[in-house]
Amino acid sequence: MNKNKKTVPMIMERKHSSKKIVALTAYDYSFARLLDTTDLDIILVGDSLAMVSLGHETTLPVTMDEMIIHVRSVNRGSHNALLVADMPFMSYQVSDEQAITNAGRFIQEAGAQAVKVEGGARMAGRIKALTDADIPVMGHIGLTPQSVNKLGGYRVQGKNYKDARQIKQDARKLQEAGVFSIVLEGIPDDLAGEITQEVRVPTIGIGAGVQCNGQILVLHDLLGLGMDSSPKFVKQYANLGDEVQRAVGNYIQEVRGEYFPDEEHSYKSKTHKLKSVSDAH
Ligand code: KIV
């Protein structure tokens with residue numbers, strides 16, 4: 001393994017460090033290469049791929065085979081950050097055997113170092129089966145997008161006492177099941193702070209406030225490449241969407257105006273010159 005490659009134990013040690021864990025999603029080789037030039041800790045090939053890159057309305061339709069293609073391509077471009085593959089909907093719900101087989105594919109066929117699984121206490125047994133098979137698991141609780149139909153939408157979770165208590169219990173159960181970190185999505189910041197204080201593994205927040213041990217965002221949201229409106233927790237650090245439109249607009253104008261390709265971007269034929277010389281004799 002590359003000596004700069006971040007590992008699961010390195011991420012776990014950050015629980016005892018003041019240096020926050022910084023994570024982003026990526027879905028392809030070209031963005032993975034760019035992220036690889038930064039000091040990012042974790043790249044997650046999220047099932048958000050379904051919405052961001054494949055144009056689905058939810059994360060539910062993306063399949064194992066589609067995810068494998070994207071994890072492989074990210075792996076080819078990424079040599080430093082820990083590579084985590086998201087288990088898509090229905091790739092782990094059926095049985096321990098199904099979950100181990102699919103998580104194993106991410107490790108064996110696609111080069112992931114760990115997988116992420118959505119769900120709390122109910123999923124703890126399944127997660128234990130994975131960690132017993134030496135497959136590192138990142139948990140994901142709070143707002144779990146694969147439960148969108150059950151939740152009736154993407155709403156902040158844990159706002160009342162009963163729900164908050166359940167989410168805390170989910171975190172404890174995941175810790176017992178052996179996860180190496182827990183994504184806390186869409187929960188109040190004080191609840192995320194309490195969970196972070198209580199569990200021994202790092203928490204990674206998305207819409208869960210500043211007290212988590214790290215943060216994750218969807219890359220396209222951060223870069224301003226998202227198509228629709230973003231949730232409140234998204235901070236846009238660039239507006240590449242506007243840049244893309246500007247660049248493509250200029251290209252269209254220059255092609256139509258015959259300013260492109262110019263001399264600098266065209267080849268000259270030597271044989272053509274020779275032919276003209278011999279023609280002259
Ligand atoms: O699929 C995803 O991108 C995620 C993260 C944003 C946590 O699950």
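Atoms within each ligand, like the ligands themselves, are counted from 1 in listed order.
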Q: Answer yes or no: is there an ion pair linking R76 with D28, defined by an N-O contact shorter than 4.0 Å?
A: no
Q. How close does the nearest protein non-hydrogen atom get to atom 6 (C) of ligand 1, and which residue and atom is it?
A. I206 CD1, 3.6 Å
Q. Is it true that atom CZ of R172 has more than 12 heavy atoms of other residues, nucleotides or ligands lying nearer than 6.0 Å?
A. yes
Q: Go through the structure and list residues passing salt bridge (Lys or Arg N to Asp or Glu O under 4.0 Å) with E263, not counting sequence neighbours.
A: K268
(Q) For F180, give me all partners under ring pair (Phe, Tyr, Trp, His ring centres under 6.0 Å), at least two apart in sequence or on another chain. (A) none
Q: For atom 8 (O) of ligand 1, grab the closest protein heavy atom and report residue, atom and distance to one decimal in Å.
A: K116 NZ, 3.0 Å
Q. Judging by distance only, is a nitrogen or oxygen of Y27 under 3.5 angstrom from one on ligand 1?
A. no
Q) What do you reckon, does H140 put a non-hydrogen atom under 4.0 Å from ligand 1? A) yes
Q.
Taking 4.0 Å as the limit for heavy-atom contacts, which would you say applies to D47 with ligand 1: side chain only, backbone only, both, or neither?
A. both
(Q) Is there a polar contact between ligand 1 and E118, counting only N or O atoms under 3.5 Å apart? (A) no
**Q.** Pairwise side-chain contact, E66 with M64, heavy-atom cut-off 4.5 Å (strictly under)
**A.** no
Q. Quick one: do K128 and D132 make a salt bridge, cutoff under 4.0 Å?
A. yes
(Q) Among all the protein's non-hydrogen atoms, which is closest to atom 5 (C) of ligand 1, and how far away is it? (A) L44 CD2, 3.7 Å
Q. At under 4.0 Å between heavy atoms, which part of D86 makes contact with ligand 1: side chain, backbone, both or neither?
A. side chain
Q) Any side-chain donor paired with an acceptor under 3.5 Å for Q211 and D189? A) no
Q.
Within the 4.0 Å heavy-atom shell around T25, which atoms of ligand 1 are there?
A. 3 (O)
(Q) Under a plain distance cut-off of 3.5 Å, with no hydrogens placed, do T25 and S48 share a side-chain donor-acceptor pair? (A) no
Q | G46, A23, A26, S48: member with heavy atom nearest to atom 3 (O) of ligand 1 | A | S48
Q: Would you kindly specify which portion of L49 sits under 4.0 Å from ligand 1, judged on non-hydrogen atoms: side chain, backbone, both or neither?
A: neither
